[in-house]
Amino acid sequence: MSADSFRAFLRRLEGEDALVSFAESVSWDLEASAVTTLANRTDGEIPIFESVEETAIDAALVGDPYRGPRCRPWEHLARAFELPAGLSGAAYYEAVIDRLRSPREPRIADRDAAPCKDVVHTGTDVDLLSIPWPYIHRGDGGRYSNLHTVVGPDPETRWGHWSSHRMMIHDDDLASLLFLAGEQAPNLYYYEYEPREEPMPVAVVLGTEPAVQCSTEMWIPTGRSEAAFAGGLKDGPVDLVPCETNDLYVPATAELVLEGRVLPDERLDEGPFGDYFGYMNGPRRSMPVFAVDAITRRTEPRVPFCVEGTGVGYGQNSSSTLQTAAAGPDATLGLQAAGFDVALAVPWRFTSRTVWVIATDRPYPGSLHELANFIFTTWGMLHIDFFVFVDADVDPLDPRAVLTAIALEADPDADFHQFGVERMPKVPLNIYQTPDEKGSADVGTSKAKTAKAYIDATSDRPAGDDPGDEALRRRAQELLVDAGVSSAAFELLERGGDRSR
């Protein structure tokens, strides 16, 4: 049975000696994130801090709980979903894709029995600062939540839209959300709710079961339910309960739920923040205000957080693991469903939101350009800068294999392609645009546009050629015969001179 709560997932980590608990008190001010950074760098156990200083409630912090082992980042999530131990990356992708092909609709749970309703505070009882939000990097603009699910309205589904947008805490009932235009939930706010001067209902959910957190990172098509795909991933329905102060539904087993509204025409400062690109992203920007109307939670909630790229390394945290182990299989399935002959689509786990590697056949000239254009103009428009295309028999989860393909197969003159100059919008978190280019505070996206590119690191063999041993054997024999070596001599050479065979 798949882990049906965050706590069940933590128990599995503990059972596999992948979790370490700290009973002594730690500070939310850099100390918890410093210990987590060391664990990430050394591929150590997932740390859980049972006692956090200056916290009004009994709550624990959990540092990068979804980070998998360095060479097998999908391993912990595979166990969470009751998949066999020791799966290769390709086998893990195949198993997850098979699950995602069969979405399971969620079910409504008993509100009174829902763990996320153990403690309910509304109105003047709301106190965001009672929760041990971590101050993650020196230089951050404030204390953050950055490993959660944002539940927003969706006119096409009953269950709403799930996405991920970091949140900076301001006071006891106000926060700011990083809403970047071009993404589904921010677009709904900027272009529908705010023009009507209506607040947009939102819930921020922390400590969800792994299938929910994974589906939050996926590129689910508009009009489809992330909740249903989470059900497919766990091979069973996700239990949901209604919020106390709005019409949204949230996962029943969550550790903590913040209910509220994103207010129209109001902004609060947001950032800077040590972001996934690996540097302190700034300058401080204005972002929409999230006013919290209710906090519902478990007793003694476990609050997860992610130490993003700065000072850590891109490929060693929850963010990169979720991209590799959740977004990758989902993207592979999406491209296959769109009719493209893709074996695997994998984020480069060292820069997982910027570069992707796609293993694919090249059935005809121009097919890679069509594939890249399809992705850039659908789900990859904002974040992804370029793709590396490799042959379908190259493992895109193997960095050495990918770099070898680039070195041996990609002609710097003919195989590096750009989609024009400054044609497409860019998320303003990148490092190469200046603060002036990072642009508009009104909708949180770049004023400047950017080029998109791809590298063709596929071989030049014609589509349909068999790259296997038998094809190589036949070709070697043809070359030797052309050079005057008889077929009998070739057979002898192949046996290494052993006449007894």
Novice: Can you list every pair that meets salt bridge (Lys or Arg N to Asp or Glu O under 4.0 Å) and has a residue in residues 84-97, with sequence neighbours left out?
Specialist: none
Novice: For the residue pair V303 and V62, establish whether any side-chain heavy-atom pair is separated by less than 4.5 Å.
Specialist: no
Novice: Going by the rule side-chain hydrogen bond (donor to acceptor under 3.5 Å, both in side chains), which residues pair with D64 if we only count those two or more places apart in sequence or in a different chain?
Specialist: N40, S318
Novice: Between E255 and R7, is a salt bridge (charged side-chain N to carboxylate O under 4.0 Å, His left out) present by the stated rule, with each step listed?
Specialist: CA-CA 8 Å; E255 295 287 321; R7 295 191 184 196; 2.8 Å; yes
Novice: Counting C-beta onward and ignoring hydrogens, is there a side-chain heavy-atom pair between V151 and W159 closer than 4.5 Å?
Specialist: no
Novice: How many angstroms lie between atom OG of S163 and atom NE2 of H161, to the nearest 0.5 angstrom?
Specialist: 4.0 Å
Novice: If you compare all heavy atoms of P304 against all heavy atoms of P65, which two are closest, and at what distance to 0.1 Å?
Specialist: CB-CG, 3.9 Å
Novice: Output side-chain donor-acceptor pairs under 3.5 Å for residues 171-182, partner residues at least two apart or in another chain, one line each.
Specialist:
unit_1 : atom_1 : unit_2 : atom_2 : d
D171   : OD1    : D173   : N      : 3.1
D171   : OD1    : L174   : N      : 3.0
S176   : OG     : H170   : NE2    : 3.0
S176   : OG     : D269   : O      : 3.2

Novice: T36 and G63: which non-hydrogen atoms are nearest, and at how many Å?
Specialist: OG1-CA, 3.5 Å
Novice: Walk me through whether K234 and E209 qualify under side-chain contact (heavy atoms from CB on, under 4.5 Å).
Specialist: CA-CA 9 Å; K234 67 178 287 189; E209 58 184 291; 2.8 Å; yes
Novice: Verify whether one side chain among T149 and T216 offers a donor that lies under 3.5 Å from an acceptor in the other.
Specialist: yes
Novice: If we ignore hydrogens and angles and just use 3.5 Å, is the side chain of S5 paired with the main-chain N or O of T208 as donor and acceptor?
Specialist: no
Novice: Among pairs that include at least one residue of residues 44-62, which meet salt bridge (Lys or Arg N to Asp or Glu O under 4.0 Å), considering only residues two or more places apart or in two chains?
Specialist: E50-R302
Novice: Supply the atom-to-atom distance R72 CZ to T324 OG1, rounded to the nearest 0.5 angstrom.
Specialist: 13.5 Å
Novice: Just by distance, do the side chain of S225 and the backbone of A227 share a donor-acceptor pair under 3.5 Å?
Specialist: yes
Novice: Side chain of K452, backbone of Q418: donor and acceptor closer than 3.5 Å?
Specialist: no
Novice: Are any of the side-chain heavy atoms of Y135 and S33 separated by less than 4.5 Å?
Specialist: no
Novice: Looking at every heavy atom in both Y92 and L77, which two are closest together, and how far apart are they?
Specialist: OH-CB, 4.1 Å
Novice: Please tell me if the side chains of L83 and V96 come closer than 4.5 Å, counting only heavy atoms from C-beta onward.
Specialist: yes
Novice: Taking side-chain hydrogen bond (donor to acceptor under 3.5 Å, both in side chains) as the test, write out the residues that go with E217, two or more places apart.
Specialist: Q323, R353
Novice: Are the side chains of N317 and E308 in touch, meaning some heavy atoms are under 4.5 Å apart?
Specialist: yes
Novice: Identify the two heavy atoms, one from T299 and one from V119, that lie closest to each other, and give their separation to 0.1 Å.
Specialist: CG2-CG2, 4.1 Å
Novice: Give the intermediate values and the outcome of side-chain contact (heavy atoms from CB on, under 4.5 Å) for residues I136 and N146.
Specialist: CA-CA 10 Å; I136 299 175; N146 68 338; 3.9 Å; yes
Novice: Answer yes when D29 and R143 have at least one side-chain N-carboxylate O distance shorter than 4.0 Å, and no when they do not.
Specialist: no
Novice: Rounded to the nearest 0.5 Å, what separates atom CG in L13 from atom CD1 in I48?
Specialist: 10.0 Å
Novice: Going through the distances and angles, do L268 and M287 end up as a side-chain contact (heavy atoms from CB on, under 4.5 Å)?
Specialist: CA-CA 6 Å; L268 283 171; M287 282 290 146; over 6 Å; no
Novice: Can you list the residues that meet the side-chain hydrogen bond (donor to acceptor under 3.5 Å, both in side chains) rule with H148, with sequence neighbours excluded?
Specialist: S145
Novice: Can the ring centres of F387 and F376 be said to be less than 6.0 Å apart?
Specialist: yes
Novice: Between F389 and Y454, does the ring centre distance come in under 6.0 Å?
Specialist: yes
Novice: Could you verify whether a donor N or O on one side chain and an acceptor N or O on the other, from D456 and T458, lie under 3.5 Å apart?
Specialist: yes
Novice: Going by ring-ring contact (aromatic ring centres under 6.0 Å, His included), name the residues that satisfy it together with F49, two or more places apart in sequence or in a different chain.
Specialist: F22
Novice: Looking only at heavy atoms, which two atoms of D4 and M1 are closest? And how far apart?
Specialist: OD2-CE, 3.5 Å
Novice: Taking the side chain as every heavy atom from C-beta outward, state whether S88 and D395 have any pair of such atoms under 4.5 Å apart.
Specialist: no
Novice: Hey, is R297 close enough to D118 for a salt bridge, meaning N to O under 4.0 Å?
Specialist: no
Novice: Who passes ring-ring contact (aromatic ring centres under 6.0 Å, His included) against W28, sequence neighbours left out?
Specialist: none
Novice: Is a salt bridge present between E270 and R285, judged by a nitrogen-to-oxygen distance below 4.0 Å?
Specialist: no
Novice: Listing request: all salt bridge (Lys or Arg N to Asp or Glu O under 4.0 Å) pairs with a residue in residues 10-26, at least two apart in sequence or in separate chains.
Specialist: R12-E82, E16-R79
Novice: Please name the pair of heavy atoms, one in A85 and one in E75, separated by the smallest distance, quoted to 0.1 Å.
Specialist: CA-OE2, 4.2 Å
Novice: To the nearest 0.5 angstrom, please state how far the CZ atom of R349 sits from the OG1 atom of T321.
Specialist: 8.5 Å
Novice: Measure the spacing between CH2 of W162 and CG of L248 and express it to the nearest 0.5 Å.
Specialist: 11.5 Å
Novice: For the pair W133 (side chain) and L128 (backbone), establish whether a donor and an acceptor sit closer than 3.5 Å, ignoring hydrogens and angles.
Specialist: yes
Novice: Given 3.5 Å as the limit, does a donor-acceptor pair link the side chain of D140 with the main chain of H137, or not?
Specialist: yes
Novice: My understanding is that only residues two or more places apart in sequence, or in another chain, count here; which of them pass ring-ring contact (aromatic ring centres under 6.0 Å, His included) with F9?
Specialist: Y66
Novice: Tell me, please, which residues at least two apart from Y93 pass side-chain hydrogen bond (donor to acceptor under 3.5 Å, both in side chains).
Specialist: none
Novice: Verify side-chain contact (heavy atoms from CB on, under 4.5 Å) between V204 and L206, making sure each step is shown before the conclusion.
Specialist: CA-CA 7 Å; V204 176; L206 290 93; 4.1 Å; yes
Novice: Report yes if the side chains of P288 and Y190 come closer than 4.5 Å at any heavy-atom pair, otherwise no.
Specialist: yes
Novice: Could I get the full list of ring-ring contact (aromatic ring centres under 6.0 Å, His included) partners for F386, not counting sequence neighbours?
Specialist: none
Novice: Going from CD1 on I455 to CD1 on I406, what distance comes out if it is rounded to the nearest 0.5 angstrom?
Specialist: 5.0 Å
Novice: With side chains defined as the heavy atoms from C-beta onward, is the minimum distance between V250 and T296 less than 4.5 Å?
Specialist: no
